[in-house]
Q: 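Could you have a look at this structure, given as structure tokens, before my questions?
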Amino acid sequence: MHTHAAALAPAFAPALIAWQRSHGRSTLPWQNTRDPYRVWLSEIMLQQTQVVTVLGYYARFLERFPAVSALAAASEDEVLGLWSGLGYYSRARNLHRCAQDVVARFGGRFPASAQELQTLPGIGRSTAAAIAAFCFGERVAILDGNVKRVLTRVLAYEADLSRSANEKTLWDAAQQMLPAPAAGEASGADDTMARYTQGQMDLGATVCLPRQPQCLICPVQRLCRGSAAGNPERYPVRERRLRRSAQSLWLLLARRDDGAVWLHKRPAKGIWAGLHSLPVFDSEEALQAALPPQAWAAAVMQPAFVHVLTHKDLHLHPVRVAARADLQGLPPLDGSGRWVSAQEWPGLGLPAPVRRLLEDEH
DNA sequence: GTCCCGCAGC
DNA sequence: GCTGCGGGAC
């Protein structure tokens with residue numbers, strides 16, 4: 001697929017860089033540093049969460065884990081607890097594993113190339129490129145959601161991005177749009193790549209907005225083919241629509257008078273991997289089978305509710321049972337299952353619907 | 001309903 | 001290599 005990247009490239013990067021200097025963001029706590037640890041931590045958090053929310057978590061993580069070695073040495077539960085409320089806990093687990101990898105494989109220093117960075121858990125092509133551009137000045141393209149929007153608009157890129165071949169073409173275009181290679185040899189000496197990378201992120205976050213692109217104040221409007229056509233907001237083009245299936249889960253809800261709840265740690269694979277959760281069953285019968293007959297007889301069905309994931313509607317059916325000392329030993333309530341006090345559970349990594357259920361319930 | 005980004009399974 | 005998953009915010 002052909003794009004106009006080559007034609008636009010000479011004017012695009014200089015205009016974006018100049019704009020970043022004058023109008024871009026420059027005071028966020030993870031800016032003005034070339035420390036890969038700080039840049040990496042912010043990039044992972046920003047993948048899923050808005051800047052204002054990340055600020056608090058970022059500060060708390062840095063305070064508790066000033067260096068990657070401290071994060072690597074922590075327990076997974078502590079990392080998940082500090083992450084609590086951010087959601088997307090697989091990213092927190094990858095964060096922890098990545099820190100351990102950096103220590104074990106690279107002596108506690110992040111590797112200095114996008115190619116090597118990408119071998120670390122939780123760091124994909126775009127995140128690797130962002131770290132390498134910010135910290136090492138590497139001439140390599142990022143392509144996150146903001147940049148996809150900016151580039152497809154500037155290029156008036158019509159192809160359906162839900163098709164991997166078209167996304168690959170856009171990656172190629174992103175690489176072509178990079179600032180011209182520095183004349184000298186030391187690419188890390190100046191801040192061209194950092195400015196350019198930050199500029200794309202800033203433009204996507206503050207000007208080239210999803211619904212209302214602010215073309216009148218855009219530094220690259222005179223180059224932008226989408227704006228010229230009068231309909232920049234229709235990019236990026238995505239045609240595939242997902243179909244969502246339904247699944248029902250039964251949750252065993254046991255709560256003592258003092259507020260403690262019975263939780264267990266989920267297996268490392270599958271839904272809610274590694275999180276603390278109420279015991280989960282695939283069917284009402286399975287839940288019944290796990291309880292003594294008298295406990296089942298006294299159980300009270302709570303109102304069902306729906307929790308929506310990208311690909312699935314989870315129909316959740318809480319079942320309240322009397323708090324009993326002998327829950328222990330009942331599969332699958334054995335092993336990791338335990339009473340968790342009302343002081344402790346809010347700080348654990350809990351699936352959002354379970355957290356909501358526990359919060360609403362008292 | 002849409003989007004995010006990396007991963008795992010095919 | 002490609003597709004679909006995962007959990008939550010907007």
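Protein chains get the first letters and strands the later ones, always in sequence-line order, with residue 1 at the start of each. Hydrogens, waters and symmetry mates play no part in the numbers below; they use all other heavy atoms, side chains included.
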Q: Using a strict 4.0 Å threshold on nitrogen-to-oxygen distance, state whether A:R225 and A:E158 make a salt bridge.
A: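 Result for this pair is no, no salt bridge flagged.
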Q: In whole angstrom, give the distance that lies between atom CG of A:L143 and atom C1' of B:dC4.
A: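 So the two atoms are 12 Å apart, to the nearest Å.
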Q: Starting at atom CG of A:D160, determine the distance to atom P of C:dT3, rounded to an integer number of angstrom.
A: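 Answer to the nearest Å: 11 Å.
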Q: Of A:A273 and A:T53, whose nearest nucleotide on DNA chain C comes first from the 5' end?
A: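 It is A:A273, whose closest nucleotide lies nearer the 5' terminus.
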Q: Between the base of B:dC5 and the side chain of A:R91, is there a donor-acceptor distance below 3.5 Å?
A: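 Check passes, donor-acceptor contact within cut-off.
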Q: Could you say whether A:S90 or A:A165 is positioned toward the 5' end of DNA chain C, judged by the nucleotide with the nearest heavy atom to each?
A: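 Result of the comparison: A:A165.
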Q: Taking A:A194's backbone N and O only, do any of them form a donor-acceptor pair with A:D191's side chain (distance below 3.5 Å, no angle check)?
A: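 No; zero donor-acceptor contacts below 3.5 Å.
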Q: In this structure, how many angstroms lie between the P atom of C:dG8 and the CZ atom of A:R356, rounded?
A: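 Atom CZ in A:R356 sits about 9 Å away from atom P in C:dG8.
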Q: Do you know the tightest heavy-atom contact between A:H317 and A:S248?
A: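 Where A:H317 meets A:S248 most closely, the heavy atoms are NE2-OG, 3.6 Å.
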Q: Over how many whole Å does the gap from A:L309 atom CG to B:dC5 atom C1' extend?
A: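 Whole-Å distance recorded here is 16 Å.
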Q: Taking atom C1' of B:dC4 as reference, at what distance in whole Å does atom CZ of A:R238 sit?
A: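 Taking atom C1' of B:dC4 as the reference, CZ of A:R238 is at 9 Å.
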Q: What's A:Q47 touching, base or sugar-phosphate or nothing? Going by heavy atoms closer than 4.0 Å.
A: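 If one applies the 4.0 Å heavy-atom cut-off, A:Q47 turns out to touch the sugar-phosphate alone, with no base involved.
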Q: For A:K168 and C:dG1, give me the distance from atom NZ to atom P, rounded to whole Å.
A: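 It is 10 Å, rounded to the nearest whole Å.
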Q: May I ask you to say whether A:E233 pairs ionically with A:R153, meaning some side-chain N is under 4.0 Å from a carboxylate O?
A: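 A salt bridge is absent here (no side-chain N lies under 4.0 Å from a carboxylate O).
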Q: Classify A:P121 by what it touches in the nucleic acid, base, sugar-phosphate, or nothing, heavy-atom distance under 4.0 Å.
A: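 Sugar-phosphate: the residue A:P121, judged by heavy atoms under 4.0 Å, touches backbone atoms but no base.
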Q: In this structure, how many angstroms lie between the C1' atom of B:dG6 and the CD1 atom of A:I44, rounded?
A: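 For the pair A:I44 CD1 and B:dG6 C1', the rounded distance is 9 Å.
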Q: Heavy atoms under 4.0 Å, any strand shown: does A:S164 hit a base, just sugar-phosphate, or nothing?
A: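 Sugar-phosphate contact only - A:S164 comes under 4.0 Å of backbone atoms but never of a base.
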Q: Please report, rounded to the nearest Å, how far the C1' atom of C:dC10 is from the CD atom of A:Q50.
A: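 After rounding, the gap between these two atoms is 7 Å.
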Q: Find out whether the Lys NZ or Arg CZ of A:R255 is both under 6.0 angstrom from the six-membered ring centre of A:W262 and within 45° of the ring's axis.
A: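 Negative - A:R255 is either too far from the ring of A:W262 or too far off its axis.
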